[in-house]
Amino acid sequence: MRILLVEDDPTVRSFIVKGLKETGHLVEEADNGKDGLFLAVSENFDIMILDRMLPGGIDGLRILETLRAQNNATPVLLLSALADVDERVAGLKAGGDDYMTKPFAFSELLARVEALARRGSAEQAPQTKLVVADLEMDLLSRTVKRGEEKIDLQPREFRLLEFLMRHAGQVVTRTMLLERVWDYHFDPQTNVIDVHVSRLRQKVDKPFETALIHTIRNAGYILRAN
Amino acid sequence: MRFSLSRFPMLRLWWKRAWRFRSAGLGFSLAYGLVFALSATLFLTFLWWHTIGALEREVGQAVDADAHGLAERWMQGGLPSLQRAIQDRLDQDVEDQDLYLLITPGGKRLAGNMPAWPEAVQRADRFYTLKISRAGNTATAALHAYILPDGLQLLVGRDIRGRDILRRVLTETFLWSWLMVTALAVGGAWVVRGIFKRILSSIARTTTALATGDMRQRMPLVGNDVDLVAHSINRMLDRISRLMEGVKQVSNSIAHDLRTPITRARNRLEDAALHARTTEEMHEAIFRAVADLDHVTSVFDALMRIAQIEAGARRAAFETTDLIRPLHDIAELYEATAEEAGLQIALDLPPRLRFHGDSRLIQQAVANMIDNAIKFSPAGTTVTLRASVSGALVRISVTDEGPGMSEDDLMRASERFFRADQARNTPGAGLGLSLVQAVAQLHGGSLSLEPLQRGLRVVLSLPVEEPASA
């Protein structure tokens, strides 16, 4: 993927660039708002990562607003040291697709970037059925089958599995699950998400030969075929 | 040449000194006194002029009417008739106030009660006020001369001794009244100034004490409408000291409780840099340091969140909602965790629970309450989430069957970073109940901890309706 990164702190910038390049992405970078805006409007990107506070008079929100005013719908992930709920709302209102506060783990950033890229294609198309390996989810009848065996899920477990399947092959973090499946934006301190995932595993993986839900250390979970 | 104070250094100095001590109270009372005295002066002056003027006009009109009557008599019956008329009027004048004199052009006296034509009366188009001597004593008279067509000169007048006396009495009365009114004005101004000064100095005393650092000072309530100001100042002060306390606590906390994990991370990294023998050891140390730093971040976030809630900025998100659904959801979030720990979460919720506030914050607070309960409950027990409405209060409680808390710990439970001794080995930073407390306060409610025979009940009491003062 072609990714634009606008971030003024050199350490944070090189950290993100290195990580994204390692995972096979092409990264263009800018260290101030002016250059960032120029790149954003003159070239095509799959994803943009914008820091909110930038030197040079143009901050991340301004770049974002300018883009949206030009009907440019490139997914944008906002990065910010401003952790307030209100700041987050302001960022999303301006047209941001996701919002992350500093400090962050690279795995979290990568997971969110890939989720955003995916959103453009997969999530938007109306689907009635999700399939990963021998796991099938019928979104209309709200039933789940693995092979020929029917799996009974609670409504919340169903939504959790749906989210994992929609992001199959992609790392999803605990925070992402908490935000997207439960719609909570606070840190519940304890491992509530892990427990929910492990209960889901009991039903989806345990009775079968191969596991589909995998834990990625220091990052989160991934649902994939092998 | 323009008058300028700068030309007179001494005067300027005095002026400055005089105004340095000017006070709102003095200004107010001066204005009050001045307005009072001025209006009294105006009123009395108007009254004086009106009374005396009316008297004068009345005399003038009477004299004029008299003269006209006499002139008519002369026209009808000539000189004898006129003389008779004058004599008649003099006879009828019991009060002895009328004055008449009729003389020929040559100066011969024809009728009247005045001995001679006064020297001063020369013209016939105005009144003269003269002292005349008559029948042995002097009197003041208002006189008017008329010239009849064949040269006869008629002098008509009134003795105005009575009016003079009246005038003197009136003048004296008015003068005294004015003096009294002015004295009252000055006295009133003094009293007003005193009241003003008392109010201001009580405010000033309190604020001075505060400015010098004594945040416990409050405005005294005196039982009149000054209390309105006192009340709002006191509320402001309460809030300021709460915020200050918050800032102080946060900075203390940062100093004490964030240093520990930062130190740990630092030591780990330094140790790895100096002593790690294998790459795996190095990685392990780094990952653990990152985890330490993540912990620092989460503590920091929690602190900021509490501070933000305490600052009251989240009131904008208040709305009237039903709390049942959010409470169900949060219980569901923790259900799996509870089961894992061998616990049960029991719900005792009414079908509907109308509430005005920020339901997301309530969820977070309840999440912390349940989280605590789960941490301290032995396996096989039940954690109960209960909600009810009693009167104007919504009571949301989480009850556990754990070891409970000691009396001393209960007192300190909602302090930031406080952790009871038996909680040292559980994960957490000791911020959970601080947040619950902050949420309760934001909603105008309260947090209470009730020790039970077995376990602990944490109760969040919130007003159903929007508090009127918020």
Side-chain angles (χ1 to χ4, degrees), chain A residues 11 15 19 80-90 93 99-109 153-161 173-175 177-203 216-220, chain B residues 283-284 286-288 290-291 293-309 311 313-314 316-317 325-326 328-341 358 360-368 370-375 426-432 435 439:
Chain A
T11 317
F15 170 64
S80 172
L82 305 170
D84 267 14
V85 180
D86 301 339
E87 296 295 338
R88 174 190 201 91
V89 169
K93 234 183 214 162
Y99 194 101
M100 269 185 75
T101 41
K102 295 178 188 172
F104 54 85
F106 180 75
S107 53
E108 181 84 35
L109 177 80
L153 294 181
Q154 307 268 322
R156 188 70 66 178
E157 290 167 343
F158 187 89
R159 285 185 56 190
L160 179 57
L161 184 61
T173 64
R174 292 171 180 83
T175 323
L177 290 174
L178 192 69
E179 284 179 16
R180 302 285 169 74
V181 179
W182 277 271
D183 192 27
Y184 291 143
H185 291 272
F186 61 86
D187 178 10
Q189 309 283 335
T190 33
N191 56 344
V192 277
I193 300 299
D194 293 335
V195 180
H196 279 278
V197 172
S198 90
R199 284 199 350 168
L200 184 64
R201 274 175 161 164
Q202 293 285 323
K203 293 182 174 176
I216 307 293
R217 197 189 170 201
N218 291 321
Chain B
H283 275 170
E284 188 55 34
I286 290 173
F287 275 129
R288 287 175 68 179
V290 167
L293 289 176
D294 281 349
H295 173 69
V296 172
T297 309
S298 73
V299 170
F300 196 74
D301 282 349
L303 278 175
M304 294 305 285
R305 207 163 162 79
I306 293 169
Q308 194 198 3
I309 292 168
R314 302 263 317 165
R325 176 88 219 199
H328 262 296
D329 284 353
I330 208 77
E332 190 242 54
L333 178 68
Y334 279 94
E335 214 172 355
T337 314
E339 228 164 81
E340 192 100 319
D358 186 334
R360 282 180 175 273
L361 285 182
I362 300 298
Q363 270 188 323
Q364 195 176 347
V366 174
N368 286 5
I370 297 179
D371 196 77
N372 272 343
I374 290 175
K375 270 185 209 159
T426 55
L431 289 171
L435 185 130
V439 169

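Letters A, B, ... are given to chains in the order of the sequence lines, protein chains preceding strands, and every chain is numbered from 1. Quick caveat: nothing in here was measured; it's all calculated off a predicted structure.
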Need one label for [X]: side chain, backbone, both or neither, based on atoms under 4.5 Å from any heavy atom in chain A.
| X | result |
| --- | --- |
| E340(B) | side chain |
| F287(B) | side chain |
| L293(B) | neither |
| E339(B) | side chain |

Problem set entry | Residue pair V195(A) / Y334(B), side-chain heavy-atom distance below 4.5 Å |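 Not touching, per the 4.5 Å side-chain cut-off.
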Exercise. Are the side chains of V192(A) and R174(A) in touch, meaning some heavy atoms are under 4.5 Å apart?
Worked result: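 A side-chain contact is absent here, since even the closest heavy-atom pair is not under 4.5 Å.
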Exercise. Passes salt bridge (charged side-chain N to carboxylate O under 4.0 Å, His left out), R159(A) versus E332(B)? Steps please.
Worked result: CA-CA 13 Å; R159(A) 285 185 56 190; E332(B) 190 242 54; over 6 Å; no
For this session: Find the one option among D183(A), L178(A), T101(A), I193(A) whose heavy-atom pairs under 4.5 Å with chain B are most numerous.
Result: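 Looking at each of D183(A), L178(A), T101(A), I193(A) in turn, D183(A) comes out on top.
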Problem set entry | salt bridge (charged side-chain N to carboxylate O under 4.0 Å, His left out) assessment of R305(B) paired with D301(B) | CA-CA 6 Å; R305(B) 207 163 162 79; D301(B) 282 349; over 6 Å; no
For this session: Assign the ring pair F106(A) / F15(A) to parallel, tilted or perpendicular, where the plane angle (0 to 90°) is split at 30° and 60°.
Result: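 The rings of F106(A) and F15(A) stand perpendicular, inter-plane angle above 60°.
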Problem set entry | Part of D194(A) within contact of chain B (heavy atom distance under 4.5 Å) |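 Neither part, no heavy atoms under 4.5 Å.
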